[in-house]
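Bear in mind the structure is a predicted one, so any value in this text is a computation, not a measurement.
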Amino acid sequence: MDLAPVLDGFTVVLEPTNLLYCLIGVVIGMLVGVLPGLGPAATIAILLPLTIGIDTVTAIIMLAGIFYGAQYGGTITSVLLRLPGEASTVVTVFDGYALARQGKAGTALGIAAIGSFVGGTISIVALSFVAPLVAGFALDFGPPEYTALALLGILLVSTISSGDRIKALVAAAAGLLLATVGRDSFTGAERFTFDNLNLADGLDFVPIAMGLFGLGEILHALEERHHAVRAPATVSNVWPSRKDLRQSSGAIGRGSVLGFFLGILPGGGATLSSLAAYSMEKRRSKTPERFGKGAVEGVAAPESANNAAATSSFIPLLTLGIPANATMAVIFGALLIQGVTPGPRLVEDDPELFWGVVNSMYIGNILLLIMSIPLVGLFVRILRVRATVLAPITVMITLIGVYTVRNSVFDIGLVIVFGALGYLMKKLGFDPGPLVLAFVLGSLLESNLRRSLLIFEGDPTGFLTRPISGTLLAVFLLVVLGPLLSRLLARRRATSDRPAKEPV
Amino acid sequence: MTVLVGFVPTPEARAALDAGIAEAARRGEGVLVLNSSRGGAPVSVEVADEDTLRDITARAERAGVAVEVRQVTREGEVADEVLRVAREVDASVIVIGLRKRSPVGKLLMGSSAQRILLDADRPVLAVKP
Amino acid sequence: MSSAPGGAQRPTGPGGPPAAGTGPADLVERLHDDPTVADADDLAAELSAEERPEPAGPVANVVIALVVVCLGVATVVGSFGQNVGSASAPAGGTWPFLIGVVLTGLGLALLPLARRTADAEKFTRASLLVVAGVATMVGFVATIGVIGFEIPATALVFVWLRFLGRESWRLSIALSLAVVVAFYLIFVVALSVPIPHLF
């Protein structure tokens, strides 16, 4: 493997500006993970205007830091307050909070920090080897392969999304539809612009992301009635014992590997990995009854897994140009704003960007480990700030921030429209994530589909003649038809059972 | 009839608690300790933790006074909540702690104690530590 | 209340020890051997104990499904307005046509499930807060071009704090002024963003 670009990447990372933005990203990430409400996707969306003025590498370093930093922040509240800050830290509540109640909150936090660090680092190393391979393999992709890949990515994210599957697909279709607004790149004709000049160039990604994720979430939260408030927690002994470390070392290793592989899959990523790692640890333990009562493995495994997964979920984006989840979709949009089109060529054509971002994760993980314990007290203090105070401030940041993108008041109107849409979607059970994902992939998908059809001269079965696109489409059909088939089989089994159960 | 004590984990309120328990003992009534915290954030300094709650019940038991502790989350101001509960249980007296405030503090932050004193429809016992 | 001395009641309510059945060990039991992401989300929502409105009824679900169907049909119609083309000669309307067909199909697929789905929420009085929130934002964008951003922004933050958040008058006034001043200093003075401003 050619090491030169990797080492160059470190030079990029160690530039003071990049180090600073890495620090900023990681701190904001931890903050976002601690505070309930906005998650990393929404925060990155709201901060998109900030990325416009700065260098691409710097911007992505910061955004990446926000994402994996949030995995750690969520742990703090899980352990201290039994309140998971992120869905990926739900499992940490079980043993983490139990440890806190035994007065060993520091142990839990320390193990979580170490596990997160190891998980993230192992994942980065693996990424460094796997990513160039995948990118190299994908260089041979043609329009049919891209079509199949984009379709599969959208489908996987929709099926693993946290809402109704069909509704998630509706959201994705709506995203594809929104992507068609504007001028058709092939023919130049205007589509769905309703003669509005502002729509002639298509809908801008930033107001859509900021509105759907940012304003939508804030509006949705207005309807909540707040319940349990907790007393401030204190953390005393802040380091795990050597025995704890030895006990959890296996869990950390296994969780990291599991997290790395599950994170690459579009969909659940960090959350799925934390669940799977916890289940695996519990199943292979000789004393599973300790889980839920303060087993350090119960904290180490999910924490290593979720950080490993957060890191590896960058692989599809950086090597294939396919975002694996909503947050990656927003980062995809951030890259587009900077004029970078993610895809297999990224590793070769822009190694500074690729390796700069990847290597920044090492630094980010180190920063997280160093800062996590000292900052805990600060974060618990910040948790006292009421949502009713944070909300209008975030709204103003969003409204004025979106203006700064194109100096356009129309964009402010647009972000409000999408904020209302985001609220309605969440209210009615539609996950906005697939919409954003499909939107960013929309024009790519369409142009590749049209080119493919031209290649195959209108015969869609042509997709199946090429090995890669054929396989991808087969997987696509499996994912679509799988649940239907299993339901049919279950029903048939039920009807064949019935005669045997009839009383004679 | 009960003695209502408005409680938060501060020295002033602890003094109010002791005074309230003593008052309840004197009147032969029970004491209702109201720990009302502002909702909307995951953490609030107004919430009494388990140790404090145990301490409250212990103090009441030592004085031979029946005690009920209520922890509620509220949306609005504490004065309204205290007065509402006072009406609900028909408290014989409301016991609150008073904090010394600088003139600037009084201007910027107002005083829930003042509102309770002025708006209450029953006796109020204001206690300083 | 003059119960016998020593008759203390157990402290209840938030912040105290978890109610029976929700201790960490019990949670572990509930999260069975093959939990899904949806399970984790549900558990997270439960632990955060934020109360959300009830699920909407089947009528609402049918309406939602029909809206999706209408959107799909409208898209198909719209695609005919452009050149729909064909598989061998795709044109501007081909892709919208495909999307419209998929949308209509998905909407129809939602109809039979209308009775069983429980993920949509009812509109309650709390939803009026959302309407008010959106109204403040609309007011902001409508007036910003005429009178600059300072006054609409102060008004928006004030309304959100005082009326939507039920904060005290003092905090609402003080914070709304502080926020707008901060934004002025950051965006107008420091960053020279050409946002319409009065002062």
Q: I'd like to check A:Glu223 versus C:Glu121 (side-chain heavy atoms, cut-off strictly below 4.5 Å). Are they in contact?
A: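 In contact.
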Q: Quick check: does any side chain N or O of A:Tyr403 sit under 3.5 Å from a backbone N or O of C:Pro194, one acting as donor and the other as acceptor?
A: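 Side chain of A:Tyr403 to backbone of C:Pro194, a donor-acceptor pair under 3.5 Å: yes, one is there.
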Q: Rounded to the nearest 0.5 Å, what separates atom CD1 in A:Ile400 from atom OH in C:Tyr184?
A: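 If I round to the nearest 0.5 Å, the distance is 12.5 Å.
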Q: Name the region of A:Ile412, side chain, backbone, both or neither, that has any atom closer than 4.5 Å to a heavy atom of chain C.
A: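 Interface part for A:Ile412: both.
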Q: With a 4.5 angstrom heavy-atom cut-off, could you sort out which part of C:Ala109 is near chain A: side chain, backbone, both or neither?
A: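 For C:Ala109, heavy atoms of backbone and side chain both lie under 4.5 Å from chain A.
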Q: Please classify the contact between C:Val193 and chain A as side chain, backbone, both or neither, with a heavy-atom cut-off of under 4.5 Å.
A: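 For C:Val193, side-chain heavy atoms alone lie under 4.5 Å from chain A.
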Q: Check whether any side-chain heavy atom of C:Trp95 sits under 4.5 Å from a side-chain heavy atom of A:Ser443, and report yes or no.
A: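 Heavy-atom side-chain distance check fails, nothing below 4.5 Å.
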Q: So that I can tick it off, tell me whether C:Glu167 and A:Arg386 are bridged by a salt bridge, with the cut-off set at under 4.0 angstrom between side-chain N and carboxylate O.
A: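 Counted as a salt bridge, because a side-chain N and a carboxylate O are separated by less than 4.0 Å.
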Q: Side chain, backbone, both or neither: which part of C:Ile64 has an atom under 4.5 Å from a heavy atom of chain A?
A: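 Just its side chain gets close to chain A.
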Q: With a 4.5 angstrom heavy-atom cut-off, is it the side chain or the backbone of C:Val138 that approaches chain A, or both, or neither?
A: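 Both backbone and side chain of C:Val138 come within 4.5 Å of chain A.
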Q: Go through the atoms of A:Val395 and report whether side chain, backbone, both or neither lie under 4.5 Å from a heavy atom of chain C.
A: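 Contact with chain C: side chain only.
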Q: Between C:Leu175 and chain A, which part of the residue has a heavy atom less than 4.5 Å away: side chain, backbone, both or neither?
A: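 When you check distances to chain A, only side chain atoms of C:Leu175 fall under 4.5 Å.
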Q: Under the side-chain contact (heavy atoms from CB on, under 4.5 Å) rule, what do A:Lys167 and C:Leu110 come out as? Steps first, then yes or no, please.
A: CA-CA 8 Å; A:Lys167 286 185 174 174; C:Leu110 278 175; 4.0 Å; yes
Q: Let's test your reading of the structure: which of C:Asn61, C:Leu103, C:Leu164, C:Val159 forms the most heavy-atom pairs below 4.5 Å with chain A?
A: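 Heavy-atom pairs under 4.5 Å are most numerous for C:Leu103.
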Q: What part of C:Leu128 gets within 4.5 angstrom of chain A, counting heavy atoms only: side chain, backbone, both, or neither?
A: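 For C:Leu128, neither part sits under 4.5 Å from chain A.
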Q: With no hydrogens and no angle check, is any side-chain donor or acceptor of A:Lys427 less than 3.5 Å from a backbone partner on C:Lys122?
A: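 A pair under 3.5 Å: yes.
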Q: Measure distances from A:Ile416 to the heavy atoms of chain C and classify the residue's part below 4.5 Å as side chain, backbone, both or neither.
A: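 It is the side chain, since no backbone atom gets that close.
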Q: Would you mind checking which part of A:Ile455 comes under 4.5 Å of any heavy atom in chain C, side chain (CB onward), backbone (N, CA, C, O), both or neither?
A: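 Neither; nothing under 4.5 Å.
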Q: Nearest 0.5 Å please: distance from the OG atom of C:Ser176 over to the CE atom of A:Met396.
A: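 Atom-to-atom, C:Ser176:OG and A:Met396:CE are 11.0 Å apart.
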Q: So which atom in A:Leu449 and which in C:Leu98 form the shortest heavy-atom distance, rounded to 0.1 Å?
A: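 Scanning both residues, the minimum pair turns out to be CD2-CD1, 4.0 Å.
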Q: Who among A:Ile218, A:Leu177, A:Leu215 has the most heavy-atom pairs with chain C under 4.5 Å?
A: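 Max contact count across the listed options: A:Leu177.
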Q: Just give me the residue among A:Asp184, A:Ile166, A:Val409 that pairs up with chain C most often, heavy atom to heavy atom, under 4.5 Å.
A: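 Of A:Asp184, A:Ile166, A:Val409, A:Ile166 has the most heavy-atom pairs under 4.5 Å with chain C.
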Q: Using heavy-atom distances under 4.5 Å, tell me whether C:Phe158 contacts chain A through its side chain, its backbone, both, or neither.
A: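 Contact with chain A is absent: no heavy atom of C:Phe158 under 4.5 Å.
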Q: Between C:Phe123, C:Phe149, C:Phe187, which residue shows the highest count of heavy-atom pairs closer than 4.5 Å to chain A?
A: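 Looking at each option in turn, the highest pair count goes to C:Phe123.
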Q: Look at C:Leu156, C:Val130, C:Ile99, C:Leu106 and state which one has the largest set of heavy-atom pairs under 4.5 Å with chain A.
A: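 Of C:Leu156, C:Val130, C:Ile99, C:Leu106, C:Val130 has the most heavy-atom pairs under 4.5 Å with chain A.
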Q: For chain C, which of A:Ile393, A:Leu399, A:Val417 has the most heavy-atom pairs under 4.5 Å?
A: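 The residue among A:Ile393, A:Leu399, A:Val417 with the greatest pair count is A:Leu399.
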Q: Under a 4.5 Å heavy-atom cut-off, does chain A meet the side chain of C:Val157, its backbone, both or neither?
A: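 Both backbone and side chain of C:Val157 come within 4.5 Å of chain A.
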Q: For chain A, which candidate among C:Pro96, C:Gly165, C:Ala126, C:Ser127 shows the most heavy-atom pairs at distances under 4.5 Å?
A: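 Most heavy-atom pairs under 4.5 Å with chain A: C:Ser127.
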Q: Show the nearest heavy-atom pair for residues A:Leu222 and C:Leu129, with the distance to one decimal.
A: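 Shortest heavy-atom separation between A:Leu222 and C:Leu129 comes out as O-CD1, 3.6 Å.
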Q: Hey, which of A:Leu81, A:Leu176, A:Thr180 has the most heavy atom pairs under 4.5 Å with chain C?
A: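 Ranked by heavy-atom pairs under 4.5 Å with chain C, first place is A:Leu176.
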Q: For the residue pair A:Phe192 and C:Gly78, what are the closest heavy atoms and their distance?
A: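 Here A:Phe192 and C:Gly78 meet closest at CE2-CA, 4.2 Å.
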Q: At a 4.5 Å cut-off on heavy atoms, which part of C:Val68 comes close to chain A: side chain, backbone, both, or neither?
A: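 The side chain, not the backbone.
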Q: Tell me, side chain or backbone of C:Ile144 under 4.5 Å from chain A's heavy atoms, or both, or neither?
A: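 Side chain of C:Ile144 only, per the 4.5 Å heavy-atom cut-off to chain A.
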Q: Provide the closest heavy-atom pair for C:Leu161 versus A:Thr388 in the form atom of the first, atom of the second, distance.
A: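 Looking at all heavy atoms of both residues, the shortest contact is CD2-O, 3.5 Å.
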